[in-house]
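Working notes for the structure below.
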Amino acid sequence: MVRNSKNTSLPAGRSGRTGKVMIIGSAAVLFALAVSVMYGTTNIDAATVWRAVFDFNPQNTQHQVIREIRLPRALTAALIGAFLALSGAIMQALTQNPLAEPSLLGISYGAALALVTALTLFPGISSSGSVLVSMAGAGLTVLLVFSLAAVSKGGMAPVKLALAGVAIGMFLSSLTSVIAIHFDVAKDLSFWYAGSLAGSSWNGVKMLLFAGVFGMLIAVLLARSLTLLNLGTEVTKGLGINVRFVNFLGVLAVLLLTGSSVAISGTVAFAGLVIPHISRMLTGPDYRYILPVSAVLGSLLLILGDIGARMINPPYETPIGVVTAAVGVPFFLYLVRSGRSRFT
Amino acid sequence: MQARFKWSTLILLVLLVLSCLISLNLGAVSIKPWEVIHTFLGNGSDKQELILFQFRLPGIILALMVGAGMAISGTILQSITRNELADPGILGINAGSGLAVIIYITFFQTAAGGLTLVSTFILPLFAFLGAILTGVLIMFLAWKKGIDSIRLILVGIGVNAGLSAFIIAFQLRLDPHDFVKAMVWLSGDLWAKQWPYVWALLPWFIVLSLFTLLKTHTLNILNLGTQVTTALGIRSLRERIILLITAVALAGLSVAAGGGIAFLGMIAPHISRRLVGPRHQLLIPTAALIGAIVLIMADAIGKNVLLPTQIPAGLIVSLVSVPYFVILLMKTK
């Protein structure tokens with residue numbers, strides 16, 4: 001029996017509560033988006049923001065700032081938050097491991113390695129080219145970690161998966177450092193390890209949407225199977241679910257969602273760990289509810305985190321990955337201490 | 001095992017001497033092995049004496065000390081957590097040490113600044129304190145009516161992730177030159193290859209190693225598990241905490257002198273266990289020898305493989321040991 005065995009015995013589904021969470025959550029996301037766009041080195045009032053969106057005047061610099069800088073940034077934060085939370089939820093379901101999380105598994109280091117290789121081989125690489133390359137790197141790392149888990153003796157216990165992630169991350173980052181030191185591109189990579197939304201653009205939003213639509217579609221299709229998967233292998237087999245196929249699709253979704261996020265924003269640590277747990281507490285064990293709630297709450301966390309990152313030490317930005325780690329690490333430690341990390 | 005220990009020690013000592021000679025031979029100015037012996041006997045030219053005694057020798061002694069220190073630290077950690085996968089790097093002790101050094105660089109000086117007499121000794125001191133504080137923090141967070149080994153490792157991974165985030169946050173505030181310097185330091189490049197550093201660190205290292213050797217009997221018993229320990233009248237918790245502090249101190253010392261070298265503390269004891277078995281009287285010296293050999297070789301490779309770039313030894317160690325670690329991980333249940 002897996003996660004929250006207490007909750008599985010409850011009457012299935014808390015659709016009423018999920019509805020409420022979704023409505024309140026979405027409203028909060030919209031509100032946070034508005035605040036994120038209004039807040040900055042110069043604060044812009046709500047009326048101007050409204051006009052910049054619906055009645056755009058290209059002569060007005062404030063309108064331009066909103067359209068070209070703040071809006072894409074806020075949307076990037078929203079999308080990445082949703083994607084990472086979804087990835088985390090799917091990974092936790094697939095591995096039946098409460099500590100599974102994109103940044104813990106060294107995935108962003110794979111992206112950084114691919115990027116540094118591309119930068120040294122093709123110095124003139126375009127920005128969309130580098131996004132594709134780092135997505136491929138992140139994707140390969142996801143595959144690597146999951147195939148190691150698959151061939152490992154006796155499956156991957158939480159502590160083993162975490163250790164494998166740390167080790168693979170260390171290996172990839174060592175290789176990256178060697179290349180970066182040799183070709184003198186170390187500083188260009190720094191944001192990969194810290195996470196940054198400063199370079200957000202409409203181009204990035206488009207790329208996120210493109211990869212994300214497929215990822216989210218798969219997630220929606222998988223929701224029911226993920227719930228059943230967590231009831232244990234016997235139940236799954238009895239219901240005639242093809243575990244291998246579910247795993248394959250799940251990894252594909254994680255690859256698309258995490259890969260695109262990491263390619264655009266670097267490492268945003270622990271966002272994928274905290275949110276699925278909170279969503280599960282709110283909605284119960286059914287992934288048809290957990291997934292949408294995770295997406296909304298993930299968005300909210302990252303938009304707020306981004307506002308925080310800009311507010312902590314202006315005019316400098318604190319890396320968003322540091323902000324999320326500040327929230328996520330205590331939560332991780334709480335999970336470990338409370339013993340929730342050890343149901344197998 | 002006793003006979004095997006004799007043979008393996010002999011072979012390892014030969015390997016150690018060989019790796020020292022190789023390391024001395026490689027470099028901007030090459031010194032042939034017989035010239036090395038010649039110079040040691042006092043018959044070398046002035047130039048050879050200068051290079052050997054002032055530049056190469058402190059580096060080798062440092063690598064020996066750091067390698068052995070990491071290996072002993074890892075052995076202790078693995079025995080008291082009864083988990084073959086424990087390592088100071090994984091538990092976040094290296095990161096704690098690194099964070100302390102980055103804080104020191106950001107607030108008190110620039111890394112690019114010269115080595116003043118004060119910074120010579122304060123920098124390692126900061127690294128050491130960082131390691132100790134992290135060790136205490138991990139123990140505190142993992143404490144729940146005793147220390148459970150899986151909880152300790154998971155807490156270590158979490159603390160490691162948190163500290164790494166802080167390191168990055170501080171590192172980003174440095175200018176590009178210092179940024180790269182800090183990165184090289186954090187990867188473990190054995191920077192302190194000068195006599196003053198060696199003299200400052202060596203006594204501590206010797207004291208801690210001897211203390212560990214005195215505790216080998218306790219380590220043997222602790223490795224058997226709590227029930228046995230209590231039955232034999234050993235105050236398990238107290239001994240574990242004392243040994244944990246020893247391990248953290250050794251790791252802190254090694255990081256102070258060599259930067260964050262990960263996985264050396266994991267593979268050295270593991271290889272040794274295969275060679276001489278689980279008794280710590282044999283295990284600890286063997287692990288120390290293997291740690292020293294691996295680090296000296298890694299340093300020699302890193303310094304010469306991609307000339308003129310100097311690759312930190314710690315990176316070479318990670319690249320070699322991670323595959324070993326992952327295979328080990330997949331085999332254990």
Side-chain angles (χ1 to χ4, degrees), chain A residues 99 103-104 148-149 151-160 162-175 177-178 180-184 186-187 189-191 193-196 267 269-270 316-319 321-326 328-333 335-337 339 341-342, chain B residues 83 85 89-90 141-144 148-169 171-177 179-180 183-184 186-187 262-263 266 302 305-306 308-312 314-319 321-323 325-326 329-333:
Chain A
L99 299 180
S103 73
L104 263 185
L148 283 181
V151 295
S152 182
K153 235 187 207 174
M156 274 280 182
V159 68
K160 278 176 74 181
L163 280 170
V166 172
I168 286 167
M170 205 86 99
F171 183 79
L172 296 171
S173 77
S174 297
L175 213 51
S177 301
V178 169
I181 292 172
H182 189 57
F183 292 100
D184 202 17
K187 182 86 178 179
L189 287 173
S190 58
F191 104 93
Y193 299 123
S196 169
T267 314
F270 289 102
Y316 301 104
E317 286 187 15
T318 308
V322 175
V323 178
T324 50
V329 168
F331 190 83
F332 176 88
L333 293 173
L335 283 179
V336 169
R337 276 187 63 89
S341 60
R342 239 188 307 166
Chain B
N83 191 321
L85 304 171
I90 291 173
L141 288 170
W143 183 271
K144 201 176 174 185
D148 169 84
S149 75
I150 289 190
R151 192 166 58 230
L152 187 71
I153 287 182
L154 285 172
V155 164
I157 289 176
V159 169
N160 193 8
L163 292 173
S164 304
F166 277 109
I167 289 179
I168 280 286
Q171 228 182 325
L172 285 174
R173 296 171 51 168
L174 303 173
D175 67 65
H177 182 73
F179 179 91
V180 175
M183 184 178 132
V184 167
L186 289 167
S187 335
F263 288 104
M266 198 284 303
V305 75
L306 275 180
T309 314
Q310 311 258 299
I311 306 294
L315 294 179
I316 307 286
V317 173
S318 304
L319 290 178
S321 21
V322 167
F325 178 81
V326 169
L329 188 67
M330 282 160 55
K331 279 187 180 164
T332 47
K333 278 205 171 161

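Just so we're clear, the structure is a prediction, and the values are computed from it rather than from any experiment. Letters go in sequence order (proteins before strands), and every chain restarts at 1.
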Can you see which heavy atom on [X] is nearest to which on [Y], and at what distance?
X: A/Val322; Y: B/Ala169; value: CG2-CB, 3.8 Å
X: B/Ser318; Y: A/Met170; value: OG-CG, 4.3 Å
X: B/Val326; Y: A/Ala167; value: CG2-CB, 4.3 Å

| Yes or no on side-chain contact (heavy atoms from CB on, under 4.5 Å) for B/Leu315 and A/Ile181, after CA distance, side-chain angles and deciding distance? | CA-CA 11 Å; B/Leu315 294 179; A/Ile181 292 172; 4.3 Å; yes

Counting only non-hydrogen atoms closer than 4.5 Å, does [X] touch chain B with its backbone (N, CA, C, O), its side chain (CB onward), both, or neither?
X: A/Leu175; result: both
X: A/Ala325; result: side chain
X: A/Phe332; result: side chain

Under 4.5 Å from a heavy atom of chain A, the part of [X] involved:
X: B/Leu141; value: both
X: B/Leu319; value: both
X: B/Val155; value: both

| Looking only at atom types and distance, does a side-chain atom of B/Arg151 sit under 3.5 Å from a main-chain N or O of A/Val336, one as donor and one as acceptor? | no

| message | Heavy-atom pairs under 4.5 Å with chain A - which of B/Ala165, B/Pro312, B/Ala262, B/Gly89 has more of them than the others? | response | B/Ala165

